[in-house]
Every structure is written in C-alpha cells, then in structure tokens.
Amino acid sequence: MRATNMMLKLTLLLFIYSLPVILSQDNLRVNITVNGSVTIAETDDNFICATMDWWPPEKCDNQQCPWGNASVLNLNLNHPYLSAAIKAFKSLRIRVGGTLQDRLIYEVGSLTIPCVPFSPMSSGLFGFSSGCLSMEKWDELNYLFQKTGATATFGLNALQGRKEGSEGVWQGAWNSSNAHDFIQYTISKGYPINSWEFGNELSGHGIGASVDAEQYATDLIALKAILNNLYKNSSSKPLLVAPGGFFNDPQWFAQLLDSSGKNVLNAMTQHIYNLGAGDDPNIADRITDPVYLSGFEDTFRNLQLTLEGHGPWASAWVGEAGGAYDSGSPLVSNTFLNSFWYLDQLGMASKYNTKVYCRQSLIGGNYGLLDTQTFVPNPDYYSALLWQQVMGKGVLNIDISESPFLKAYAHCSKSQPGVSLLLINLSKNVTFNVTVYNNLNADIGKGSVHKDSFFMHGLKRTVSWIGTKSSDVVVQREEYHLTGKDGNYLSRTVLLNGNPLQLTDNGEIPVLTPAYVAFNAPITVSPMSIAFVVFPNFKAHACLPV
C-alpha cells in the first residue's frame, strides 16, 4: 500500500513537472470547416489598393525623414521597377491622396498664382505651405496608370474656400471652381478616373482640421452635381467617395449619409492605423497578439451597421491603412512581420463587406510596399500580390477549432473554381497541422448538415466528373508558404516555399509559383509563417459560375 502511494505521488509529481511541456506543445491539430453554400460578403474586383501620397522630403517623424522623393510631385514615375510592380497586379487600384491633398491646388483654368510644390511652413496647416499639381505631372501620372493597367482614385481638396474657425473646425462652403476645372481637364484628356474622393481626415474631430457633417453633406451634393454634369456624355461615370477619415465618431458618419441623401455617396472611406505610433516599441508584440488584432473587428462591424441603417446605397472602403502612423516603424513596417497584421486586416475587412482596402503606401515612408530609395518590393508587396492572385471576391464563413494564434479566412478562388484559404500562424513555437472540412449544407432551410473531409469530398467530385476509378485520380492542391529569411520574421526578405522572392535580372516581379501537394497530405503551418492554400476541387455552391 505504501509502495502504491509512493508511485501515485511520483506519477503526480512527474505530471506536474511535465505540464509546462504539455501546454507548450510544438504541434497542434486544428480543424477548419468551410461553408461553401453561400457567400457572407463580397469584395470589389480591385479590392487590393495602394496609395500614392503628397508628403515632400521634409516630412519627418520621430527624428527620421523617410519619404525621400516619394511624393506624387517628385516621384520618378518612369522608374522601371515602379511600372513592373504595378503591372504585376494587372489592375491595381491606386488612391492618390493623403493629408496634404486638402492644401493642394491644380494648375488649370483660371488659376493665377505660381504652381509650386509644398514647402515647410511653421504657420501652415500640417506644417507645410499649400502646393500645386501641374498638368504636366498629372499627364505623366495618368500615362503610368494607363500603361500599367492601374485603376485610379483621386482625392480632391475639400478645404478650398473655407476659413479656419475655432478648435480646428473650418467654416464656409467649399469653393469648387478649381476642382471643376481640374475634372474638366481630366475628361478632356480621356483619363479614366474610377472614383473621386472628397477630403482627407476632416470627419468627426478631424486630424488638424475638420468640417461639420451638415456642411460636408451639402458640398458632397454640389460635387455630385458637377460630376453628373461633366460626365453626362460619358459611357461610364466615376464613383464619389468620402470622407477618408477615422471612424471614431459614428454619429458624424450617420449624419453625413442622412443629410447628403440617397445615391449621392457611392462609398464611405475610413482610415485605420491599428498599431499605434511608428516609434512605439510594442508594435512587434501587438502584431503577434491575436486578441489585440481581433479587437479592430468592431470598427468594420460598426461601419457596416452605420451604412445599413443610414446609407445602404453606399459601400464600405478602407481608404488608407498603414499599420503604424507617423510614417510607420523603421524596425517593423518594411519587414516580413508586417504582413501578419496586414493580411489579417484584409481578411477581417472582407468579412464585413469592405469593397476596397488601400494600403499606405505604394511607395514612401517606412510602410511602403516598395522601398523608397530602391523601388525594390518589401515583403508586404508579395503578400498583397498573392492575395490578388488567389483570393476571389466571394467571402465564405468558416468554423475553426483550437488556438486563437491561427487566424484563417476563406474566399472563393480567383479565376478558377474552388476555394482559397489564408492561414496566419502568430505563434513563435507551435506548428499547426490543419484538416479542412467541407460543410455540404446546400439546403440550409432544412437544417441538415453533412460534413465530409475536404479531401474525401474533393476526390468524390473529381471521380464523378472525370468518370474514372478513384485509384486513377491524382488530386492536388496549391500551397504558398511565406516565411522570413533564415527564420527571422523581422527580415526584409520573404521566402516563398523556401525560395527568396526577389526581382529577376530584368527587373521583373518573379512568378509566384506554388508547391503542389497531394490531396491526402496534412497542411502544415510553421511558427510565424503565412500560408495561402488553393483547393481547386472544393465543391462550394456559392463559388460556381452563374
């Protein structure tokens, strides 16, 4: 009896000592069930978007000046790397805009003052003087858009004609004359602008300046009338989007929709910088914290609810999102780690019917998709390109078990039948072994749910379609695994399936080649890695061609 008690005590002691090992296990099995019977949301064809900003070289934050010659006014628009990077997306949406757009005038029409760029001015709004866009530069910019297939969104100056009042609230009606002449010139040149955005961060309390929602709505109505008149003979009319601000005052946004009325605003744009200031030492920790990242889901949900209640004719856009504000973090924003929050936001925004997500920036600051000095792609460029190539418009609902450190999103596949899955492993020590199931509840109304393993169902469907015996069928999926070079998630070089992604000898974007994996192999997601997995044989009724 005494020996038995000693054995029990020893067993209990060993279990207690081994508990930390059990809890920190290196491998964890995860089940994901995809419901392909219906889409829960849909993105736009040009969901992936990048911004081109106006900040001049003198724009400095936290004792650094990371913009160089990345302003629209002085950027080398003929750089071959820039063209190659845009062209690889086939139709990348580019939003031209940013803080200084509300101090920008256009060298056209009756403008009589000299057309000069922005310059530092302590008494000026945002610390700079007004600036001017020459039509020569505008022509050059549109040539870039046309030769690369880009889709253009342009942000108009919404402070023109107003006077600064108390507490940063600007008073008076918008003076539309310069914008009218600029839009008219654009039409006369045949430049296909997809959308005009009105103002930048003037909503609610604003950033440096704000405009009352009632007045903003009045000006939107006036701008809509200008667009309707100038484009009356055009086969396609551009969208009107606004206000390009932070969604921190839902009542302001609701009032803007109520006061502007039905079908004036086509899209409501919000800005998101979810990681804090660029010099915050805790940015890397926030990116790997699943609870922190998921906390921003309410922002997308609340904007969706505001639109449903006050402006169902308008869609939701993210007009600018850079992760860390003040030009981003020099230690994080240009590294592989930055892709974790970025791709998580793309997946999260999609679930709430966000049609467009514009990344700050295409080039400029520490958060550019391209390096400001060399124009060489940073890791986030390839993350965005992979999303563009494999994640379709239709968003699917999923159920996921086990750890919150594995983030997962499912879409209909891009340009082919099937389903694409995005998997983000935020853990530094756990490898996830993922099994995907297909929820075959095609008739939701009857409440019957039948689940097969994805692989088994994919095999059944393939056999039925091909009409061969199962032993003759080889079913494969595509996998794209992203990791940091040398296992360092703060590396500025990203590996695709173990191979570094870098420009070719001719300066072209490399082909993003998947690994082809047998249908019955486990999906293994390594610590601090990202995987896109394409299932071409996944039967999803919502993803079938109409």
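This chain uses plain numbering: 1 for the first residue, then up along the sequence. Note that the coordinates shown come from a computational prediction; the quantities given were computed from them, not determined experimentally.
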Out of curiosity, [X] [atom1] to [Y] [atom2], how far, rounded to the nearest 0.5 Å?
X	Y	atom1	atom2	answer
Gln345	Thr299	CD	OG1	8.0 Å
His180	Asn178	NE2	CG	11.5 Å
Phe532	Leu482	CZ	CG	6.5 Å
Ser203	Asn248	OG	CG	6.5 Å

So, [X] side chain and [Y] main chain: donor-acceptor pair closer than 3.5 Å or not?
X	Y	answer
Ser333	Gly328	no
Asp102	Ala158	yes
Arg162	Gly172	yes
Ser195	Leu239	no
Glu197	Val241	no
Lys87	Gly149	no
Gln101	Gly199	yes
Thr218	Glu214	yes
Ser129	Ser119	yes
Trp55	Thr99	no

Is [Y] close to [X] at the side-chain level, that is, under 4.5 Å between some pair of heavy atoms?
X	Y	answer
Ile86	Phe145	no
Trp138	Thr186	yes
Thr513	Leu496	no
Ser83	Leu144	yes
Leu293	Asp289	no
Met135	Cys115	no
Pro250	Asn302	no
Pro500	Lys485	no

Of the non-hydrogen atoms in [X] and [Y], which two are nearest, and what is the gap between them?
X	Y	answer
Tyr480	Val390	CE1-CG1, 4.0 Å
Ala349	Tyr357	CB-CD1, 3.9 Å
Asp380	Arg359	OD2-NH1, 2.7 Å
Trp252	Pro243	CZ3-CG, 3.7 Å
Ala277	Asp326	CB-OD2, 4.3 Å
Asn425	Phe340	O-CE2, 3.3 Å

Residues Lys59 and Asp53 bridged, charged N to O under 4.0 Å:
no
Any Lys/Arg nitrogen of Lys137 or Glu107 sitting under 4.0 Å from an Asp/Glu carboxylate oxygen of the other?
no
Going by the angle between their ring planes, with limits at 30° and 60°, are [X] and [Y] parallel, tilted or perpendicular?
X	Y	value
His79	Phe375	parallel
Phe182	Trp196	perpendicular
Tyr367	Tyr273	tilted
Phe246	His271	perpendicular

Please determine which of Tyr382, Tyr381, Tyr342, Phe47 meets the ring pair (Phe, Tyr, Trp, His ring centres under 6.0 Å) test together with Trp387.
Phe47
May I have the list of side-chain donor-acceptor pairs in residues 503-511 shorter than 3.5 Å, sequence neighbours left out?
unit_1	atom_1	unit_2	atom_2	d
Thr504	OG1	Asn506	N	3.3
Thr504	OG1	Glu508	N	3.0

Result of checking Thr148, Leu362, Thr153 against Ile94 for side chain to side chain contact (heavy atoms under 4.5 Å, CB included)
Leu362
Could you check whether Arg103 makes a cation-pi contact with Phe128, meaning its NZ or CZ is under 6.0 Å from the centre of the six-membered ring and within 45° of the ring axis?
no
With Asp298 via salt bridge (charged side-chain N to carboxylate O under 4.0 Å, His left out) - residues at least two apart:
Arg301
